[in-house]
Amino acid sequence: MQTLAVREDTRVLLSQDEIPTSYYNIQSDLSEPIPPPLDPGTRQPVNPQSLERIFAKELIRQEISSERNIKIPEEVREAYAAIGRPTPLVRAKRLEKFLKTPARIYYKAEYLSPTGSHKPNTALAQAFYNSQQGTHRLVTESGAGQWGSALALASGIFGLKCKVYMVRVSYNQKPGRRTMMETYGAEVTPSPSNDTKFGKSLLDLDKQHPGTLGIAISEALEDTVTHDDSRYCLGSVLNHVLLHQTVIGLEAQKQFEKIDVMPDIIAGCIGGGSNFAGFAYPFLGEKLRGRSDARFVACEPKAVPSTTRGTYTYDFGDTAEMTPLLKMYTVGHKYVSPPIHSGGLRYHGKAPSLCYLINKGYVESVAYHQNEVFQAARTFAQTEGMIPAPETAHVIKFVIDEAIRCKERNESKVIAFNNCGHGLLDLKAYEDFQAGRLVDYEPASIQVDNYVS
Ligand SMILES: *Cc1c(COP(=O)(O)O)cnc(C)c1O
């Protein structure tokens, strides 16, 4: 039999029975609790029970849990297998060679999910726990559509209805993601819509209202509390979302063990923080327990510099001031994010647990402009063959810079990053980049009145 003449494997694979059996909860390894969400009126910690009308009970339990290992239900492990988990750990050998670096570069291929990002990892868990408690319908909002399409997929798998309020400009300008959600059976409504009182009040004033993410959140919440059979789902920021994403890092740990390699640098891009946390927290747990001295690096856009230029303070989670106050690095909930192509990285704050770890010095962060980021993405596409999502391109920029630094210092470090999405539905962004039409944005200063007064 002919065998393929590959001198060294570039893919580390796991079998389906090696899909993790528990999620990893980083709260268990911290010496104090992460600052809790506060009620904006009383400034007292929010009573978790008051959230039961909005979120599934099990998700609220996970949100406040300090157990280290939280069991993954068999049904969810099966669903993970159905969508292609475990994902490969890939060595980016051609990129290494192109950069002439002594560093070794590995990535976790989360872009291989059916919707093209890591988001189904939590969508499946959220849909499952909801189906278990008898929820019939899931409601959410979506900007660019990555989260909406993941929840639509998961709702289909667990037999739930799904309603997505999609910001009207995206609904009109990005029909690809909308069609994906509808193909999975979800109902997609441009927001503001006539389906809620709030949406209707805005449409009465302006029939062509372009919508914002804040408005879409408000509509999704109003819809949830006015339909008894419905619950709301979020795709990032909250502890339970980050928890579900740890399947990524737990698999990666097993894969690195198989090849007897220890990563020195672990990196990811951050919008709300869930794919970074999912990949990094299992490794960071080792560091918190004194068993590793790896570096952790989170990458964000200079246009929305939450962790590199923002303030660590209590702020609203949304523009519409409907959520509890969250302690996080934020550029302020009134910050108007510039129209960069990385829709997933335009969020004003970041996950409270990640912000806590940045504040304590366990995680570093860096920021980049979009032109340099797309340049890095092109280099990656031309060497490794896959076209990354604009969000993912931020971490690729860091990885390439770091590999060049390794060359200059002749250091053979192991760099690992989370390849969280492909860019095949974002080719307009590449088109604009290649035509020289991308603008690099950076705020001159972060206004104090962006914040809670
Ligand atoms: C949603 C998304 C992000 C940003 O969200 P995180 O919670 O920070 O992971 C980043 N990359 C891709 C591909 C996404 O879909």
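All ligand and atom numbering here is 1-based and tracks the order in the structure.
For atom 5 (O) of ligand 1, the closest non-hydrogen atom of the protein is G272 N, 3.9 Å. In this structure, atom 4 (C) of ligand 1 lies nearest to the protein heavy atom G344 O, 3.3 Å. Ranking the protein heavy atoms by distance from atom 3 (C) of ligand 1 puts K119 NZ, 3.6 Å first.
In this structure, the separation between CD1 on I83 and OG1 on T115 is 7.5 Å, given to the nearest 0.5 Å.
When non-hydrogen atoms are compared, ligand 1 lies under 4.0 Å from the backbone of I270 (N, CA, C, O) but not from its side chain. Residue contacts with ligand 1, taken as heavy atom pairs separated by less than 4.0 Å, involve S274 via backbone and side-chain atoms alike.
Scanning both residues, M322 and S218, for their nearest heavy atoms gives SD-OG, 3.3 Å.
Side-chain contact check for Q245 and T122: no donor-acceptor pair (N or O, by modelled atom type) lies under 3.5 Å. Remark: the Y356 side chain and the E32 side chain contain an N/O donor-acceptor pair separated by less than 3.5 Å.
Inclusion of G421 in the set of residues having an N or O under 3.5 Å from an N or O of ligand 1 is not warranted.
Annotation: side chain to side chain donor-acceptor pair (under 3.5 Å) contacts of T308 (sequence neighbours excluded): E300.
Between F398 and F417, a ring centre-to-centre spacing not shorter than 6.0 Å is recorded. For Y107 and F380, the ring centers are positioned less than 6.0 Å apart.
The ligand atoms of ligand 1 that sit less than 4.0 angstrom from a heavy atom of G273 are 6 (P), 7 (O), 8 (O). Close approach to C420 involves these atoms of ligand 1, each under 4.0 Å from a residue heavy atom: 11 (N), 12 (C), 13 (C). Within ligand 1, the atoms closer than 4.0 Å to a non-hydrogen atom of S236 are 6 (P), 7 (O), numbered from 1 in the order shown.
Closest to atom 11 (N) of ligand 1 by heavy atom, among Q245, E391, Q146, is E391.
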